[in-house]
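Questions regarding the structure given below will be posed in turn.
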Amino acid sequence: LFTLNILINCCCHLRKINCGLGLFGEVMKRGFEADLVTISTLVKGLCAEGKVVDAVQLFDKMSERGFRGDVFLYGFLINGLCKIREMGFALELHRKMTERNCEANVHTYSMIIDALCKDGLIDDAVVLFLEMIGKGICPDVVVYSSLINGLCSLGRLRKAVRYFDEMVGRGIKADLVTFNSLIHGFCQEGLWKDATRIFNRMVKGGISPDVITYTILIDCLCKEGKVGEASKVLELMIKKGKE
RNA sequence: GUUAUGAGGUACAAG
């Protein structure tokens, strides 16, 4: 069975999930029982090729036979469903997971919260966020950044800043992605001065801007017609790159 | 011994 699992994994890496499924069928016929790793590997492979629906079906079929998944397997499925924006199914699976005594973790919540934010369903995301805290699961920088990013893309900057402060208040350090999201949010509203202020705060906090940070600022400044400012940022970037 | 140095967050452009 270990051999089978390794072979299936090879198929997945080669993006040949059908070969993996073939092996799986062959071995099942010979009376072997697939285990958690077999199913997880197949599910992951299917999701990687965008065949999320097949992955869910496989999982359901195995579940009928008494198979029990773990948080990781549920995580793979939820990840797949979130990527294709099947949030109804993702939420349902998340609920089922809990019912089956498989506790959700920060990753499963994170994937769902992020996907809801991307769909502009911030309020639903916040419900999940509160539910998570209620269960004693601590949101991390990724969860907060997802919310902040979601709020920023809707232009709800006040709220975004509130979550930022709440996060810092909890002792969670904002990272590069968090700052990039905030800077981008302010830029989108044309508030490039505030964006620059946040940029400076980030640098003071010891976080080095990356190419994305500079792209956000330069893009925004150019679109605002502040080409002079933009070239200053560009120069700064080049100078920093040489340090 | 296997999925597993494992699953989650940010820009522009392209499509």
Side-chain angles (χ1 to χ4, degrees), chain A residues 1-13 17 20 23-24 27 32 34-48 52 55 58-59 69-83 90 93-94 97 104-118 122 125 128-129 132 137-153 160 163-164 167 172-188 192 195 198-199 202 207 209-223 230 233-234 237:
Chain A
L1 186 60
F2 284 121
T3 319
L4 166 73
N5 289 339
I6 295 167
L7 281 173
I8 292 178
N9 189 34
C10 290
C11 294
C12 293
H13 280 107
I17 188 60
L23 280 169
F24 170 65
V27 174
F32 283 96
D35 69 356
L36 183 60
V37 175
T38 319
I39 303 303
S40 301
T41 310
L42 284 168
V43 161
K44 230 180 130 174
L46 283 165
C47 289
V52 183
L58 173 69
F59 175 68
D70 66 355
V71 218
F72 288 91
L73 178 46
Y74 278 100
F76 295 142
L77 288 166
I78 290 172
N79 186 26
L81 288 168
C82 286
K83 288 232 165 83
L93 195 63
H94 198 248
M97 174 173 87
N105 63 22
V106 65
H107 289 285
T108 58
Y109 272 105
S110 172
M111 296 185 275
I112 294 178
I113 288 173
D114 175 56
L116 288 171
C117 286
K118 292 218 162 81
I122 301 286
L128 273 271
F129 175 76
M132 177 173 103
I137 302 168
C138 283
D140 64 5
V141 63
V142 176
V143 174
Y144 272 106
S145 299
S146 299
L147 281 172
I148 290 169
N149 186 48
L151 288 163
C152 281
S153 39
Y163 278 105
F164 182 89
M167 179 180 85
I172 301 166
K173 279 221 165 82
D175 68 6
L176 184 59
V177 177
T178 323
F179 277 109
N180 283 346
S181 299
L182 260 188
I183 293 171
H184 185 227
F186 280 87
C187 280
Q188 274 184 323
W192 59 273
I198 299 167
F199 175 87
M202 175 178 96
I207 298 172
D210 67 353
V211 62
I212 296 181
T213 322
Y214 289 113
T215 311
I216 294 168
L217 281 172
I218 294 172
D219 176 62
C220 159
L221 288 166
C222 287
K223 283 178 181 159
V233 175
L234 185 65
M237 178 176 84

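Just so we're on the same page: letters track the sequence lines, and every chain starts at 1. If you're wondering where the values come from, they're calculated on a predicted model, not measured in any experiment.
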Mind checking the C1' distance from A11(B) to A7(B)? Whole angstroms is fine.
-> 24 Å
Residues forming a side chain to side chain contact (heavy atoms under 4.5 Å, CB included) with Leu4(A), sequence neighbours excluded = Leu1(A), Ile8(A), Leu23(A), Val27(A), Thr38(A)
Rounded to whole angstrom units, what separation is found between the NE2 atom of His107(A) and the P atom of A7(B)?
-> 8 Å
Look at all strands and tell whether Val143(A) reaches a base, only sugar-phosphate, or nothing, counting heavy atoms closer than 4.0 Å.
-> base
Who passes side chain to side chain contact (heavy atoms under 4.5 Å, CB included) against Ala115(A), sequence neighbours left out?
-> Cys82(A), Arg85(A), Met87(A)
Nearest-angstrom distance from the residue atom CG of Asp35(A) to P of A4(B) | 14 Å
For nucleotides 9-15 of chain B, just jot down a letter per nucleotide in 5' to 3' order: B, S or -, based on protein non-hydrogen atoms under 4.0 Å.
-> BBBS---
Would you check if Asp219(A) and Lys223(A) make a side-chain contact, meaning some heavy-atom pair closer than 4.5 Å?
-> yes
For Phe59(A) and U3(B), what is the distance between atoms CZ and C1' respectively, to the nearest whole Å?
-> 15 Å
Can you tell me how far C1' of G8(B) sits from CD1 of Ile113(A), to the nearest Å?
-> 10 Å
Any donor-acceptor N/O pair under 3.5 Å between U2(B) base and Asn5(A) side chain = yes
Leu46(A) CG - U3(B) P separation (whole Å) = 18 Å
Determine the interatomic distance between P on G8(B) and the same-named atom on A4(B); round to the nearest Å.
-> 12 Å
What pairs with Leu36(A) under side chain to side chain contact (heavy atoms under 4.5 Å, CB included), at least two apart in sequence or on another chain?
-> Ser40(A), Phe67(A), Asp70(A), Leu73(A)
What's the CD1-P distance between Ile39(A) and U2(B), to the nearest Å?
-> 19 Å
Taking only residues two or more places apart in sequence or in another chain, which ones pass ring-ring contact (aromatic ring centres under 6.0 Å, His included) with Tyr163(A)?
-> Phe129(A)
Sorted by chain and number, sequence neighbours left out, side chain to side chain contact (heavy atoms under 4.5 Å, CB included) with Val141(A) holds for Ser145(A), Met167(A), Ile172(A), Asp175(A), Thr178(A)
Taking CG from Leu23(A) and P from U3(B), how many angstroms apart are they, rounded to a whole number?
-> 16 Å
Separation of G8(B) atom P from Leu147(A) atom CG, nearest Å, is 18 Å
Residue Phe76(A), side-chain heavy atoms: nucleotide from U2(B), G8(B), U3(B) that is nearest = U3(B)
Expected output: side-chain Asp114(A) to main-chain Cys117(A) donor-acceptor under 3.5 Å = no
